[in-house]
Amino acid sequence: YNYNPLVMRLVLLQLRGSKDKTANVQNAVSKIEAAVKEHKPRLITLPECFNAPYGTKYFREYSESIPDGYTSQQLSNLAKKHQVYIVGGTIPELGENDAIYNTCTVWSPTGDLVAKHRKMHLFDIDVKGGIRFKESETLSAGNDFTTIDVDGHKIGIGICYDIRFEEMARLYRNAGCEMIIYPAAFNMTTGPLHWELLQRARANDNQLFVVTTSPARDTTAEYVAYGHSMVVDPWAKVQQSASDGEETVVADIDFSLVEQVRQQIPVFSQRRLDLYATERRSK
């Protein structure tokens, strides 16, 4: 693997989960070990809620503090051992004042926690004849935007339902991001409808890469994830996509595409900021 500052190798791990937290984490560990050995990535991404079943009744029971909890320690050790970045999907986080968050941790090649994104938009929906889910029954919402810098490339972090909010992605674009990574678990109602559409829409709006990592589909689970972890390029083309089972997706990201698209279709500089703007507020 020849190092090229404009090309970054990503590995997306679409993992099947269970109700056994230790087994879930160890499955992630072994898949990371195998991916490092075989593909030598710079960055590895994991699915939303990869160490626990996805469901409001499970979040508190499976929650851990960050960075001293079991799952965090495993990811930290792996990142350091293999000198890779790990975007650790999400886990239920036991935060301050006993609040529970749906949280993505990012680990650097030195094993340090370089970022922590708490899901900003809680998944509260009720689709007639489809799915009803209310994360807010047990989770608290995060209030912070999260960006990381990997080899000079700025990457924004969002979680699942966050992808539906175009203002959030726009603010990441305004901040100079060339990629947004969304660990996510869409379901069998919203997946077929919007999964690919939303990724291509965010990529197209903001002329950047969009990367999602989903759990594998388990039709015996209470919440059935859609799967189809994906990489979409700044032209809004699907560069790579998984099927619905356990899968390792390897993607070489050519960041020169970002500048190419932005120069050829220069919408960013053509926005009428005299008439409108999307602005970040501090809370």
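On a predicted model such as this, the values are computed, not experimentally measured, just so you know.
Other residues, nucleotides and ligands contribute only 12 or fewer heavy atoms inside 6.0 Å of the CD atom of E38. Within 6.0 Å of atom CG in D274, more than 12 heavy atoms from other residues, nucleotides or ligands are found, so the atom counts as buried in its surroundings.
Residues meeting the side chain to side chain contact (heavy atoms under 4.5 Å, CB included) test with T147, sequence neighbours left out: K154, Y172, C177. Shown here are the ring pair (Phe, Tyr, Trp, His ring centres under 6.0 Å) partners of Y223, two or more places apart in sequence or in another chain: Y54, F133. For the ring pair (Phe, Tyr, Trp, His ring centres under 6.0 Å) test, no residue two or more places apart in sequence or in another chain qualifies with H82. For D112, there are no salt bridge (charged side-chain N to carboxylate O under 4.0 Å, His left out) partners at least two apart in sequence or on another chain. Partners of R281 by side chain to side chain donor-acceptor pair (under 3.5 Å), not counting sequence neighbours: none found. Checked against salt bridge (charged side-chain N to carboxylate O under 4.0 Å, His left out), R200 has the following partners two or more places apart in sequence or in another chain: E196. In this structure P47 satisfies the side chain to side chain contact (heavy atoms under 4.5 Å, CB included) test together with L15, F50, T213, P215, sequence neighbours excluded. Take D124 and apply the side chain to side chain donor-acceptor pair (under 3.5 Å) test, not counting sequence neighbours, and it matches S136. Contacts of K80 classified as salt bridge (charged side-chain N to carboxylate O under 4.0 Å, His left out), with partners at least two apart in sequence or in another chain: none.
With hydrogens and angles left out, the side-chain atoms of D254 and S256 include a donor and acceptor closer than 3.5 Å.
Close placement of the F123 and Y161 rings is indicated, their centers lying within 6.0 Å of each other.
Its side chain within the 4.5 Å cluster rule, Y62 clusters with Y58 among the Ile, Leu, Val, Met, Phe, Trp and Tyr residues.
Screening residues 233-244 for side chain to side chain donor-acceptor pair (under 3.5 Å), with sequence neighbours left out, gives R217-D244. Evaluation of the ring pair (Phe, Tyr, Trp, His ring centres under 6.0 Å) test over residues 236-270, restricted to residues two or more places apart or in two chains, returns H153-F255, F209-F255.
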